[in-house]
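For reference, the structure is listed below as structure tokens.
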Amino acid sequence: MTFSKLPSVHFQQRRQVLGLALAGFTTLTLPTSLHATTVVQQLLQAASPADVKAEVDAFLQGATPNQTGLKLQLPALGDNPAAVPVKVVFDLPISRDLYCEELIVLAERNPKPLACRFQFTPAAGTTEVAVRLRLIESQTIQALARMSDGQYLIAQQAITVTAGGCGM
């Protein structure tokens, strides 16, 4: 049995078809992967100050918040930005007549500034919330509360994070 050193015509045609298919696949998927990268970068951009202001204004509904009565406790340095502990505590005495109806926490430089929202009833007794937030960069955290008597409270604190947690 003898073998020819030249590849058969069928083999050459098969190589050409496979090469063209690979080139076509690469041509079709390359723009998609570049577009996906662009979309991911856009999703991880920090919220604009206008977005944060819109969230605050929607919650406050034109009211001026008091800067007393609400405490925000968080570390000055977030060494694990994927889980930064944040605690919101009320200084006001909570009773059946005066309680927190709603509380929101905002992370100003995250892609979506509204981090969490809580609603309470008088049956809650005390109002104290502890959460862990994922932060994309160093920023200011805000807590806003609407009380049952119509007053609004605000607390804010800056935090420095060592690396972005949202893009991990």
Okay, side chain of [X], backbone of [Y]: is any donor-acceptor separation there less than 3.5 Å?
X	Y	value
N110	R134	yes
N80	A82	yes
S148	Y99	yes
Q139	E108	yes
Q61	F59	no
N66	T68	no

At their closest point, which heavy atom of [X] faces which heavy atom of [Y], and how far apart are they?
X	Y	value
S138	R109	O-CG, 3.9 Å
P81	D79	CD-O, 3.6 Å
Q157	L72	OE1-O, 3.0 Å
P113	P111	CD-O, 3.8 Å

Membership question, hydrophobic clusters at under 4.5 Å side-chain separation (ILVMFWY): are [Y] and [X] in the same one?
X	Y	result
V86	F118	yes
V89	L153	no
L103	V131	yes
I154	L106	yes
L114	L133	no

Problem set entry | Audit row: E128, V88, side-chain contact (heavy atoms from CB on, under 4.5 Å) steps and yes/no | CA-CA 6 Å; E128 191 171 291; V88 183; over 6 Å; no
Are the side chains of [X] and [Y] in touch, meaning some heavy atoms are under 4.5 Å apart?
X	Y	answer
T162	L77	yes
V56	Q142	yes
D91	L70	no
M147	L98	yes
Q151	L92	yes

Between atom [atom1] of [X] and atom [atom2] of [Y], what is the distance when rounded to the nearest 0.5 Å?
X	Y	atom1	atom2	result
L144	L60	CG	CG	5.5 Å
E101	Q119	CD	CD	9.0 Å
E137	T160	CD	OG1	11.0 Å

